[in-house]
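Just so we're clear, the structure is a prediction, and the values are computed from it rather than from any experiment. All heavy atoms count here, side chains included; hydrogens, waters and symmetry mates do not.
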Amino acid sequence: MKHVVVLTGAGISAESGLGTFRDEGGLWDKHKIEDVATKEAFQKNPLLVLDFYNIRRKQLLNSSPNNAHFALNKLTEKYKLSIITQNIDDLHERSGSENVVHLHGKLRESRSTISNKIYSIEGSELNVGDYCENGGQLRPNVVWFGELVPNMDIAIQKVKQASVFVIIGTSLNVFPAATLIDYAINAKRVIIIDPNSSYYDGVEIIYEKATQAVPKLVDELLALV
Ligand code: APR
């Protein structure tokens with residue numbers, strides 16, 4: 001069975017109402033990365049950091065997967081499907097996707113700052129004073145800038161197996177995630193879906209929004225088998 005590997009970024013969740021980072025008016029227009037998305041920021045001002053993620057978690061709880069998330073799952077009718085995401089939302093899972101590889105963590109999980117044990121966050125809030133059973137402050141289970149990306153090796157192995165590699169809604173600005181495109185050495189097709197893509201290097205680019213382009217691409221791939 002041929003293997004379709006998909007790498008997603010914030011753009012696939014944009015039409016579910018979740019903000020992207022580097023589009024005009026995006027999250028990094030409103031916040032400084034060094035204030036809300038680094039370990040040093042959390043040590044310096046945990047209230048500000050936890051609030052940044054509490055706001056995004058509230059938005060996530062009020063959002064739903066869109067047609068692009070749902071369409072990807074149809075590929076399993078005729079392909080092996082692996083989804084790798086940079087997103088910390090759970091919209092892929094809530095659309096029915098399984099075994100999603102999260103490179104940058106999960107917004108609805110917390111992690112102990114002393115044992116690294118992972119917990120799910122019930123509701124939308126994670127606050128100062130929320131401790132693990134050993135008395136350690138809980139932090140968002142997300143990968144902050146400067147931290148290791150634990151699932152990168154798994155992601156690389158999957159991309160190496162891809163016969164089709166589809167990249168949806170990412171500016172490919174953040175490393176090491178952006179290097180995944182270099183591992184698609186066995187892919188017959190590398191396809192980028194992004195209305196504003198600035199990529200160039202010999203790949204197919206579909207300059208459309210995810211909810212328009214993904215269902216069409218899925219139908220095209222299913223018709224080939
Ligand atoms: N459909 C498809 N693509 C879209 C859509 C849409 N409806 N709307 C926006 N895009 C594209 C934008 O053109 C842009 O190229 O999605 C991309 C979003 O890029 P970023 O905002 O940089 O988000 P992303 O690439 O996921 O960022 C990667 O950076 O800040 C870190 O950890 C954070 O995981 C994030 C990482």
ask   = Does I156 reach the side chain of L180, with side-chain heavy atoms less than 4.5 Å apart?
value = yes
query = What residues form a salt bridge (Lys or Arg N to Asp or Glu O under 4.0 Å) with E133, not counting sequence neighbours?
reply = K117
task = Give, for atom OG of S64 and atom CG of L18, the distance between the pair rounded to the nearest 0.5 Å.
result = 9.5 Å
query = Any side-chain heavy atom of P65 sitting closer than 4.5 Å to one from R94?
reply = yes
ask   = Among I191, I83, V166, whose side-chain contact (heavy atoms from CB on, under 4.5 Å) with V4 holds?
value = V166
ask   = Is I121 close to E109 at the side-chain level, that is, under 4.5 Å between some pair of heavy atoms?
value = no
task = Identify, with sequence neighbours excluded, every residue that meets ring pair (Phe, Tyr, Trp, His ring centres under 6.0 Å) alongside Y183.
result = none
query = Going only through I, L, V, M, F, W and Y residues with side-chain contacts under 4.5 Å, is there a path from L221 to V203?
reply = no
key: Any side-chain heavy-atom pair of N45 and L47 under 4.5 Å   = yes
key: Those residues that, when tested against E220, pass salt bridge (Lys or Arg N to Asp or Glu O under 4.0 Å) (two or more places apart)   = R189
request  = Only pairs at least two apart or in different chains count here, so list each side-chain hydrogen bond (donor to acceptor under 3.5 Å, both in side chains) that has a residue in residues 30-39.
outcome  = none
query = Between T20 and D23, does any side-chain donor sit less than 3.5 Å from a side-chain acceptor?
reply = yes
inquiry  = Taking the side chain as everything from C-beta on, heavy atoms only, tell me whether L126 gets closer than 4.5 Å to S110.
reply    = yes
remark   = Correct closest heavy-atom pair for I181 and F165 would be CA-CE2, 3.7 Å
request  = Taking the side chain as every heavy atom from C-beta outward, state whether V6 and L81 have any atom pair closer than 4.5 Å.
outcome  = yes
query = Do N99 and S82 get their side chains close enough for a donor-acceptor pair, meaning under 3.5 Å?
reply = no
query = With distance as the sole test, does N134 use its side chain to make a donor-acceptor pair with the main-chain N or O of I114 at under 3.5 Å?
reply = no
task = Verify whether one side chain among E122 and S120 offers a donor that lies under 3.5 Å from an acceptor in the other.
result = yes
inquiry  = Any non-hydrogen side-chain atom of T8 less than 4.5 Å from a side-chain atom of I84?
reply    = no
query = Transitively linked via ILVMFWY side-chain contacts under 4.5 Å: Y207 with I193?
reply = no
Identified side-chain contact (heavy atoms from CB on, under 4.5 Å) partner of S124 from the options L107, L61, I55, N62 = L61
inquiry  = Test: ring pair (Phe, Tyr, Trp, His ring centres under 6.0 Å). Region: residues 71-121. Which pairs qualify, not counting sequence neighbours?
reply    = H69-H92
message = Filter on salt bridge (Lys or Arg N to Asp or Glu O under 4.0 Å), then keep only pairs touching residues 45-63, sequence neighbours left out; what's left?
response = K58-E125
